[in-house]
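Data block below; observations after.
Residue indices begin at 1 and follow the sequence shown. Both backbone and side-chain heavy atoms feed into the values below; hydrogens, waters and symmetry mates do not.
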Amino acid sequence: QLHSGGDELARAVGFYKMVQSLGWSVGFLLVPSWRLPPLVQNLATAACGALGLALALRELPPARIDSRSSSPLLRVVRIEGER
């Protein structure tokens, strides 16, 4: 584990978000609007977001349904490994 405490982890996440935002800003600054229309920029941003979401969802641990409950509406979805 890279970070032991919550404060250190929060600083690392904040730094990552700062670098990511800076990268996006510089990227949009370097692409002039006459070369890449704003609609295409929005579509590229949406595509990157969708791809990022899909890749993030692949990393989630598998969930399983608790079959001990008698009612299907009251079944608890638990993450594998939790007790």
May I have the list of side-chain donor-acceptor pairs in residues 44-60 shorter than 3.5 Å, sequence neighbours left out?
{"from": "T45", "atom 1": "OG1", "to": "Q41", "atom 2": "O", "distance (Å)": "2.9"}

Please list every donor-acceptor pair under 3.5 Å in which a side-chain atom of residues 20-28 meets a protein atom from a residue at least two apart or in another chain.
{"from": "S21", "atom 1": "OG", "to": "K17", "atom 2": "O", "distance (Å)": "3.0"}
{"from": "S25", "atom 1": "OG", "to": "S21", "atom 2": "O", "distance (Å)": "3.0"}

Exercise for the section: Report the hydrophobic cluster partners of Y16, with the cluster defined as I, L, V, M, F, W, Y residues connected by side-chain heavy atoms closer than 4.5 angstrom, directly or transitively. Expected result: none
Handout entry: Residues clustering with L29 (ILVMFWY side chains joined when closer than 4.5 Å, directly or via others)
Key = none
